[in-house]
Every structure is written in C-alpha cells, then in structure tokens.
2 protein chains.
Amino acid sequence: MDHVDRILAQWQRERPDLDISAMGLLGRFTRLRNHIGREIEKTFAERGLTSASFDVLAALRRSGPPFQLSPGDLLATTMVSSGTMTNRIDQLEKQGLVQRLDNPDDRRGVIIALTPEGLERVDEAATAHVTNQHRVVASLAPDEREALDALLRKLLATFE
Amino acid sequence: MDHVDRILAQWQRERPDLDISAMGLLGRFTRLRNHIGREIEKTFAERGLTSASFDVLAALRRSGPPFQLSPGDLLATTMVSSGTMTNRIDQLEKQGLVQRLDNPDDRRGVIIALTPEGLERVDEAATAHVTNQHRVVASLAPDEREALDALLRKLLATFE
DNA sequence: CGACGATATCTTGACGTCAAGATAATATCG
DNA sequence: CGATATTATCTTGACGTCAAGATATCGTCG
C-alpha cells in the first residue's frame, strides 16, 4: 500500500465508473521520474551543471573529436525545441564551456564546439553521473533491472 | 537498436572506462517520460487544463464531498513546492474552478474548494484521462503492464 | 499570561521550457 | 537566372517551477 495505492482507492470510491487499471503504473512512473530527476540534478548541481546543460555537453563529448556539432544535430538528440536549444547554448557559452564557431559550409548555420574547460567538466561530470545512476537503481537486482529495461524499451518503441 | 542504444555505443567508444550498464535503463526512462508527458498534456489541453492544474483538481475531486482541502493537504499529494502550489491555486481561481475560503479553525490557513464548474470540468477530464492512459500503454500486454508496475513500485519504494 | 519557536501560506526573483514567428541563407525548378 | 519553397537558427512572450525568505497566526511552556 503505497502513496499511489491510496490515490487509486480514493478514485475507486468516488468514481467507480472509471477503469483505473492503467493509472497505477503511470502514477508510479511520474512520481519515480520526479524522485530520480531530483537525485540526478543534485549530482550535476555539485559541479555547476544541470541535466539540461549536461545533455548538450554530453552530446558533444560522445560525438568524439573534435567535439563539434551543429545546433540542429544537438536538437536531434535532446528532445527540446529550437528555442530551448538556443537558450542552452547561450548559457553554456556564458560559462565558457562551449563556443559558437562559423560554419564554413553554410552561412545560416553555426558549429557548437566544446572548449577545453567544457571537455574537462563534462568528463568529470559523466564519471560522477554514471556512479550516481547505479546508486539510483541499486534497489533492483540485476535481473530486475534487465527486465525493467526491456519493458521500457518496448514501450518506448511505440513513440520513436 | 533504438536511439538510446546509439547513445550508449557512442559512450562506449569514447569513454570505455565508464560502466554504463545503468545508463540505458535511465535514458529510456527519461525519453519515455517526455513522450508520455506530452501525450497526457494534449488531452488536458483540449479541455483548457494542464497536468499541473488537473493534479490539483483531481486531488480535490477524489477526496470526496465537499471537495475541499487545505493548500497543505494538496502539497502533501502533489510533490511540488509551496510557491508552486500557491501559483497553481491562483491560476485555478482565475479560471473559476476553485475558490479560496476562510478556514474557520485557523486564521493562518485557507480552504480550497472545487466550484460547481470545477467539479464538472475535472469529472469530464478524468474520464478522458483514464481512456488516454490506456491508449498510452496499449502496446504492452496485460501481464507486461503488471510486471512493469511491480518493478516501478519496488523502485519507487526506495524513495518514499 | 507572555514570549518564542513552529506552522500555513504567500511573495520574490531567477530559470528552463515551449509555440509561434522572424531572419537570413540555401536549394530547387521552370 | 530568378522566383519560391525550404532550412537553420534565433527572438519573443507566456508559463510553470523552485529556493529562500516574508508574514501572520498558533501552540506551548515557563
């Protein structure tokens, strides 16, 4: 009987006409997302980053040398709007972690490049982040983590 | 080989020192959350609501007649800060869906009450919402939904 | 009864996000 | 070649959220 069960019991009492058999799953999903999101955010905050800024730095880092991508490339991996990406890049540029370079092949476009400090910061943050990720899912046994991953993969496939 | 697998492959190539075995699960979790969140939001938007406003109306609705709770009660179920709750109530009050009443037992406090229109709107939205919830998880078989719910429950128990 | 720590709610200021639209450059096609 | 559609990025304005602190009231304990 967790928090979500209590919510379901209230709905059952007040609106017995509703089929709430999917509500528990989605309610737990949402609450879990809030908890996990906050845990992840803490680790980044200790290093002057946010999930948002790490997402951008990480995309540049894992693309390999020379650690450069266009805003359009970054958009394709991060599930945010173009306005949000502009804003994220602005913030990272102010912090000196990325740089906007002219795109020699297309004068409409720019190239976002990790600075040496950006590279250092994202590598350090990535190390801490993966450790933290393990901590967050530590209460599940390895086979449970695998089962959960498989189910999430199947459901995610509906959307992408 | 989904989007997350490609990200993992990049990390593996660039940072083979990292143990990324938890990253796939959490990456899929986050992406899924974005997709599902947007689907849910659409249903509410068609009815002039948001997930945020529905959360508040729903808490009042499922508490049963007379559909009244204090802001503190609402805070306890919704995982947001007090400032956020004040803002949510302000918006709902402007829309005429809730009303702030004096709390006769405690002059520091107020009571948030669903208006007749608020009751009608939340009942209609709840009906549409549960239907939409089923649609969102329809790609999983019943036993898979149950397995997923059980795993989320176990993981959520770590945090609450 | 009166002081003082707890409690309930609200205020403020800073961010991050989005949708819609603006701007500038490129690509296509008659 | 020139007109027109398309593309890449940025701008604008509106929200929702949070942390930190303000305000007013309550409860307790000497």
- Does B/D5 use its side chain to pair, donor to acceptor, with the backbone of B/D2 at less than 3.5 Å? yes

- Query: For B/L101 and C/dA8, what is the distance between atoms CG and P respectively, to the nearest whole Å?
  - Reply: 18 Å

- Task: Indicate, yes or no, whether a donor-acceptor pair under 3.5 Å links the base of D/dT25 to the side chain of B/R107.
- Result: no

- Query: Is it true that the side chains of A/Q99 and A/T115 contain a donor and an acceptor less than 3.5 Å apart?
  - Reply: no

- Message: Regarding D/dT7, can its base be found pairing with the side chain of A/R108 as donor and acceptor, where the two atoms are less than 3.5 Å apart?
- Response: yes

- Length of the CD-P vector between B/E41 and D/dG16, whole Å: 10 Å

- Heavy atom of residues 66-85 of chain B under 4.0 Å from DNA chain D: which residues? B/M79, B/V80, B/S81, B/T84

- Query: Among C/dT11, C/dT17, D/dG16, which nucleotide sits nearest the side chain of B/T86?
  - Reply: C/dT11

- Query: Are A/L74 and A/L119 grouped together when hydrophobic residues (ILVMFWY) are joined by side-chain heavy atoms under 4.5 angstrom apart?
  - Reply: yes

- Quick one: which of D/dT25, C/dC10, D/dT9 gets closest to the side chain of A/V110? D/dT9

- More than 12 heavy atoms of other groups within 6.0 Å of A/D19 CG: yes

- Task: Check the pair B/R121 / B/E124 against salt bridge (Lys or Arg N to Asp or Glu O under 4.0 Å), numbers first and verdict last.
- Result: CA-CA 5 Å; B/R121 290 278 285 283; B/E124 205 276 320; over 6 Å; no

- Query: Do the non-hydrogen side-chain atoms of B/D102 and B/I111 ever get within less than 4.5 Å of each other?
  - Reply: no

- Query: For A/R88 and D/dT9, what is the distance between atoms CZ and P respectively, to the nearest whole Å?
  - Reply: 16 Å

- Task: Starting at atom CD1 of A/I89, determine the distance to atom P of C/dG16, rounded to an integer number of angstrom.
- Result: 14 Å

- Message: Is there a side-chain hydrogen bond (donor to acceptor under 3.5 Å, both in side chains) between A/R6 and B/T77? Walk through the geometry before answering.
- Response: CA-CA 10 Å; A/R6 281 188 286 277; B/T77 63; over 6 Å; no

- Over how many whole Å does the gap from B/K42 atom NZ to C/dC18 atom C1' extend? 15 Å

- Rounded off to whole Å, could you give me the NZ-to-P distance for the A/K94 and C/dA14 pair? 12 Å

- Item | Whole-Å gap separating P (D/dC15) and CD (B/Q91) | 7 Å

- Item | Atom-pair distance (CG on A/N87; C1' on D/dT9), nearest Å | 14 Å

- When all nucleic acid strands are considered with a 4.0 Å heavy-atom cut-off, which category describes B/D106: base, sugar-phosphate, or nothing? sugar-phosphate

